[in-house]
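Computed from a predicted model, the values in this text were never measured in an experiment.
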Amino acid sequence: MEDLVSIIMPAYNAEKYIGESIESVLNQTYQNWELMIVNDCSIDNTANIIKNYADKDSRIKYFHQKTNSGAALARNKGIELANGKYIAFLDSDDLWKSDKLQIQISYMSLNNCDFTCTYYDKINETGESLNKIIKYEKLANYYELLKNCPGNSTVIYDASKLGKIYAKNIKRRNDYILWLDVIKKSNNLQCIDQVLGSHRVVAGSISSNKIKLIKYHWEIYRNFERLNIFYSLYLVIYWILKGIVNKVC
């Protein structure tokens with residue numbers, strides 16, 4: 001019997017893309033999942049779209065935050081209510097390939113690993129390919145993770161082994177801190193070298209300008225990870241240079 005996978009999806013004003021994201025879950029060849037969608041007080045048609053899907057498929061669970069609290073707390077609500085052995089993450093504008101869960105869960109089971117990610121590609125606002133594949137190291141430890149963040153919508157961890165791990169309440173890069181907390185329990189992150197998801201690049205989104213995120217990296221390294229000032233400075237410079245290279249390329 002397939003183990004239950006809980007898919008965490010925070011949503012805020014996601015009416016343009018959330019239907020496609022949900023459809024990519026419905027199209028999974030791996031069928032034993034629950035999709036925990038937490039609406040963070042959207043003011044567009046997001047709630048109605050989610051409800052329409054939830055009414056048709058009981059595996060889709062709809063939750064509404066009482067106040068707009070940000071992606072971290074919305075994500076945590078989904079994790080809190082999750083019932084699965086595995087916890088997966090999918091942003092409300094990203095997409096999964098139809099065999100994503102089948103391949104990743106089989107890999108985790110066969111290799112007895114509890115923290116994985118995959119390659120992914122990038123698409124534009126209309127879903128067209130940007131011809132860019134984002135790869136990750138086959139095996140990463142804590143120090144390698146400090147310099148390279150996996151794609152949020154590619155990550156799965158085994159909650160039956162590691163327990164439920166929650167995001168810190170920081171506006172941006174809360175997913176990055178979450179992975180740093182997970183790897184402290186898992187010891188390593190294994191990457192499946194297949195493109196199993198698509199990240200949508202949306203103009204004006206929180207993640208669209210990597211350089212602007214640098215101050216959050218500094219806060220993470222100094223205030224959350226308690227790294228010394230010299231190592232933190234090295235990591236921030238690394239991320240700046242990495243952002244410049246990616247922009248040029």
Side-chain angles (χ1 to χ4, degrees), residues 3 5-6 8 72 75-76 79 84-91 94 100-101 103-121 132-170 172-197 199 207 210 213-246:
D3 291 308
V5 180
S6 296
I8 312 302
R75 186 171 284 123
N76 286 346
I79 295 171
K85 169 181 170 65
Y86 297 100
I87 295 184
F89 300 84
L90 177 60
D91 286 342
D94 289 348
K100 195 263 191 191
L101 286 180
I103 292 174
Q104 199 163 355
I105 298 302
S106 295
Y107 179 93
M108 294 178 75
S109 178
L110 288 172
N111 293 280
N112 193 33
C113 58
D114 47 35
F115 186 25
T116 62
C117 66
T118 77
Y119 291 2
Y120 63 96
D121 60 17
K132 188 167 186 177
I133 294 175
I134 306 301
K135 300 180 179 181
Y136 202 82
E137 294 295 325
K138 180 68 175 176
L139 189 67
N141 59 23
Y142 171 79
Y143 296 100
E144 290 160 329
L145 186 56
L146 285 170
K147 298 198 294 184
N148 295 284
C149 182
N152 177 67
S153 294
T154 76
V155 171
I156 297 179
Y157 73 80
D158 187 337
S160 71
K161 293 181 180 179
L162 304 179
K164 290 183 177 181
I165 303 170
Y166 297 91
K168 299 290 195 306
N169 188 19
I170 182 174
R172 302 183 183 185
R173 302 306 263 169
N174 54 79
D175 57 328
Y176 181 39
I177 307 177
L178 179 56
W179 313 145
L180 290 170
D181 285 342
V182 173
I183 206 166
K184 289 168 189 171
K185 290 190 174 185
S186 174
N187 295 320
N188 62 64
L189 168 63
Q190 296 188 37
C191 182
I192 299 168
D193 56 357
Q194 296 183 54
V195 176
L196 298 180
H199 169 65
S207 61
K210 301 299 183 184
L213 298 179
I214 292 301
K215 68 175 183 178
Y216 288 95
H217 281 266
W218 179 260
E219 184 176 351
I220 289 168
Y221 298 142
R222 294 292 289 147
N223 298 341
F224 291 96
E225 297 305 302
R226 304 293 183 183
L227 302 178
N228 69 59
I229 192 168
F230 299 106
Y231 192 37
S232 298
L233 186 60
Y234 159 74
L235 291 169
V236 166
I237 293 172
Y238 175 88
W239 277 97
I240 291 172
L241 295 175
K242 183 178 178 180
I244 292 171
V245 170
N246 289 339

- line: Taking every heavy atom of I170 against every heavy atom of N174, the minimum-distance pair comes out as O-ND2, 3.2 Å
message: Between Y176 (side chain only) and N152 (backbone N and O only), is there a donor and an acceptor less than 3.5 Å apart?
response: no
E225 and Y231: side chain donor to acceptor below 3.5 Å: no
message: Once rounded to the nearest 0.5 Å, what's the spacing between atom CG of L101 and atom OG of S106?
response: 10.0 Å
- prompt: Heavy-atom distance under 4.5 Å between the side chains of Y119 and D193, does that happen here?
  reply: yes
query: So, for C149 and R173, which heavy atoms are closest and what is the spacing to 0.1 Å?
result: CB-NH2, 3.9 Å
query: Of the non-hydrogen atoms in S153 and D91, which two are nearest, and what is the gap between them?
result: OG-N, 3.0 Å
message: How long is the straight-line distance from CD1 of I103 back to CG of L196, given to the nearest 0.5 Å?
response: 5.0 Å
- prompt: Are the side chain of T154 and the backbone N or O of C117 linked by a donor-acceptor pair below 3.5 Å?
  reply: no
Trace of the salt bridge (charged side-chain N to carboxylate O under 4.0 Å, His left out) decision for R75 with D175: CA-CA 9 Å; R75 186 171 284 123; D175 57 328; 5.5 Å; no
Donor-acceptor contact present, side-chain N76 to main-chain A167, <3.5 Å: yes
- request: Would you confirm whether the ring centroid of F89 sits within less than 6.0 angstrom of the ring centroid of W179?
  value: yes
field: Rounded distance (nearest 0.5 Å) linking atom OH of Y142 with atom CD1 of I183
entry: 9.5 Å
- prompt: Rounded to the nearest 0.5 Å, how far apart are CG of D158 and NZ of K185?
  reply: 12.0 Å
Short side-chain to backbone donor-acceptor contact, K100 and G197, under 3.5 Å: no
message: If you count heavy atoms of other groups shown closer than 6.0 angstrom to NZ of K135, is the number above 12?
response: no
task: Spell out, as yes or no, whether a donor-acceptor pair under 3.5 Å connects the side chain of Y157 to the backbone of I165.
output: yes
task: Locate the shortest heavy-atom distance separating G84 from A159; write the atom from each residue and the value.
output: O-CB, 4.3 Å
query: Would you call the rings of Y120 and H199 parallel, tilted or perpendicular if under 30° counts as parallel and over 60° as perpendicular?
result: perpendicular
- prompt: Take atom CD in E137; do more than 12 heavy atoms of anything else shown fall under 6.0 Å from it?
  reply: no
- prompt: Are the side chains of L146 and Y143 in touch, meaning some heavy atoms are under 4.5 Å apart?
  reply: yes
- request: Measure the CD-CD1 distance between Q194 and I133 for me, rounded to the nearest 0.5 Å.
  value: 11.5 Å
message: Taking W218's backbone N and O only, do any of them form a donor-acceptor pair with S232's side chain (distance below 3.5 Å, no angle check)?
response: no
message: Please check: side-chain N/O of N111 versus main-chain N/O of Y107, any donor-acceptor pairing under 3.5 Å?
response: yes
- prompt: Do the side chains of C113 and M108 get nearer than 4.5 Å, heavy atoms only?
  reply: yes
query: Are side-chain heavy atoms of L241 and I237 found at a separation under 4.5 Å?
result: yes
- line: dist I79:CD1 -> I8:CD1 (nearest 0.5 Å) comes out at 5.5 Å
field: Close side-chain approach of P150 to L145, heavy-atom, < 4.5 Å
entry: yes
field: Qualifying residue for side-chain contact (heavy atoms from CB on, under 4.5 Å) with Y136, from N148, T118, I192
entry: N148
- request: Report yes if some heavy atom in the side chain of N112 is under 4.5 Å from a heavy atom in the side chain of K161; otherwise report no.
  value: yes
- prompt: Are the side chain of R222 and the backbone of L227 linked by a donor-acceptor contact shorter than 3.5 Å?
  reply: yes
- prompt: Strictly by modelled atom types, are Y86 and Q104 linked by a side-chain donor-acceptor pair under 3.5 Å?
  reply: no
